[in-house]
Amino acid sequence: MEFKELVATEANPNIPELEPGDTVKVHAKIVEGEKERTQVFQGVVIKIKKAADGGNFTVRRVAYGVGVERTFPFRSPRVEKVEVTRHAKVRRARLFYIRGLSTKAARLKERRAKQPGSKTK
């Protein structure tokens, strides 16, 4: 028996394809006592981990001068939706070097869309 058979969870359809460097807004359900509300966490995807249980992705942002990272499972029912606001041009799969940069230096260049009819190698 495989691990995938034991952990029978379904993929969350509200999470699109993500890549490192994408700026995303993650709408997550937060439970405080008996109340439940939606909290938006906006930041840059610095890591994507794929695994048998569905994997997860880590989002980083700087709030009041302090770097904050949150990891969200791809198959979590607590993630209501994920909006991709920008795609950045990156050359690595893990963007841990952003942790050591200041806020302004940590900006990533936006990836340009391919023009229809253009020749690329």
Side-chain angles (χ1 to χ4, degrees):
M1 185 176 276
E2 298 238 355
F3 181 73
K4 290 181 183 179
E5 296 172 9
L6 292 172
V7 182
T9 58
E10 294 183 21
N12 191 336
N14 300 324
I15 301 177
E17 280 293 317
L18 299 176
E19 295 180 13
D22 289 352
T23 301
V24 295
K25 287 183 183 178
V26 182
H27 298 259
K29 292 180 188 174
I30 304 295
V31 178
E32 295 172 335
E34 296 178 8
K35 295 182 181 179
E36 192 172 288
R37 66 184 177 87
T38 301
Q39 186 177 46
V40 179
F41 190 85
Q42 181 174 354
V44 178
V45 176
I46 63 167
K47 177 178 80 168
I48 294 177
K49 182 179 180 188
K50 299 193 178 185
D53 63 350
N56 56 46
F57 61 100
T58 302
V59 180
R60 177 181 174 82
R61 77 171 202 194
V62 177
Y64 301 103
V66 179
V68 180
E69 294 181 7
R70 282 191 68 182
T71 302
F72 300 97
F74 278 113
R75 297 188 176 211
S76 174
R78 294 247 181 239
V79 177
E80 286 186 352
K81 69 177 176 178
V82 176
E83 298 175 40
V84 179
T85 57
R86 317 179 42 206
H87 298 285
K89 179 182 173 185
V90 294
R91 297 171 68 175
R92 306 185 181 281
R94 306 287 170 108
L95 305 179
F96 297 144
Y97 67 90
I98 289 180
R99 293 174 177 162
L101 301 176
S102 66
T103 309
K104 203 166 187 180
R107 287 193 214 151
L108 301 171
K109 290 187 178 180
E110 188 147 8
R111 185 172 59 204
R112 298 179 68 177
K114 294 180 182 175
Q115 298 294 327
S118 66
K119 294 182 182 179
T120 57
K121 292 184 179 181

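Computed from a predicted structure; not experimentally measured.
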* Do Phe41 and Val79 belong to the same hydrophobic cluster, where Ile, Leu, Val, Met, Phe, Trp and Tyr are linked whenever their side-chain heavy atoms lie under 4.5 Å apart, directly or via other members? -> yes
* To do: Over all heavy atoms of both residues, which pair between Ala63 and Val68 is shortest? Give the atoms and the distance, please.
  => CB-CG2, 4.4 Å
* When rounded to the nearest 0.5 angstrom, what distance separates CZ in Arg107 from CD1 in Ile98? -> 12.5 Å
* Asked: For the hydrophobic clusters of this structure (ILVMFWY residues joined by side-chain heavy atoms under 4.5 Å, transitively), does one cluster hold both Val24 and Val44?
  -> no
* Asked: Heavy atoms, side chains only, cut-off 4.5 Å: are His27 and Glu83 in contact?
  -> yes
* What pairs meet the ring-ring contact (aromatic ring centres under 6.0 Å, His included) rule with one or both residues in residues 79-110, with sequence neighbours excluded? -> none
* Structure fact -> Between Arg86 and Lys109 the two heavy atoms that sit nearest each other are NH2-C, 4.0 Å
* Please determine which of Arg94, Lys47, Arg111 meets the salt bridge (charged side-chain N to carboxylate O under 4.0 Å, His left out) test together with Glu19. => Arg111
* To do: Let me know which of Val82, Ile15, Asp53 forms a side chain to side chain contact (heavy atoms under 4.5 Å, CB included) with Phe74.
  => Ile15
* To do: Treat each ILVMFWY residue as a node, draw an edge where side-chain heavy atoms are under 4.5 Å apart, and state whether Ile46 and Val84 are in one component.
  => no
* Asked: Does Pro20 offer a backbone N or O that forms a donor-acceptor pair with the side chain of Arg92 under 3.5 Å?
  -> no
* Any Lys/Arg nitrogen of Glu69 or Arg99 sitting under 4.0 Å from an Asp/Glu carboxylate oxygen of the other? -> yes
* Are there more than 12 heavy atoms of other residues, nucleotides or ligands under 6.0 Å from atom CZ of Arg91? -> no
* Asked: Nearest heavy-atom pair of Asn12 and Ser76: which atoms, and what distance?
  -> ND2-O, 2.9 Å
* Are Val62 and Leu108 connected in the hydrophobic side-chain network, where two residues link if heavy atoms are under 4.5 Å apart? -> no
* To do: Measure the CD-OG1 distance between Gln42 and Thr85 for me, rounded to the nearest 0.5 Å.
  => 5.5 Å
* Positive for side chain to side chain contact (heavy atoms under 4.5 Å, CB included) with Lys81, one of Val40, Val26, Asn14 -> Asn14
* Asked: CD of Glu36: more than 12 outside heavy atoms within 6.0 angstrom?
  -> yes
* To do: From the options Lys29, Arg78, Glu80, select the one residue that forms a side chain to side chain donor-acceptor pair (under 3.5 Å) with Thr38.
  => Glu80
* Structure fact -> Taking every heavy atom of Ala88 against every heavy atom of Gly21, the minimum-distance pair comes out as CB-O, 3.1 Å
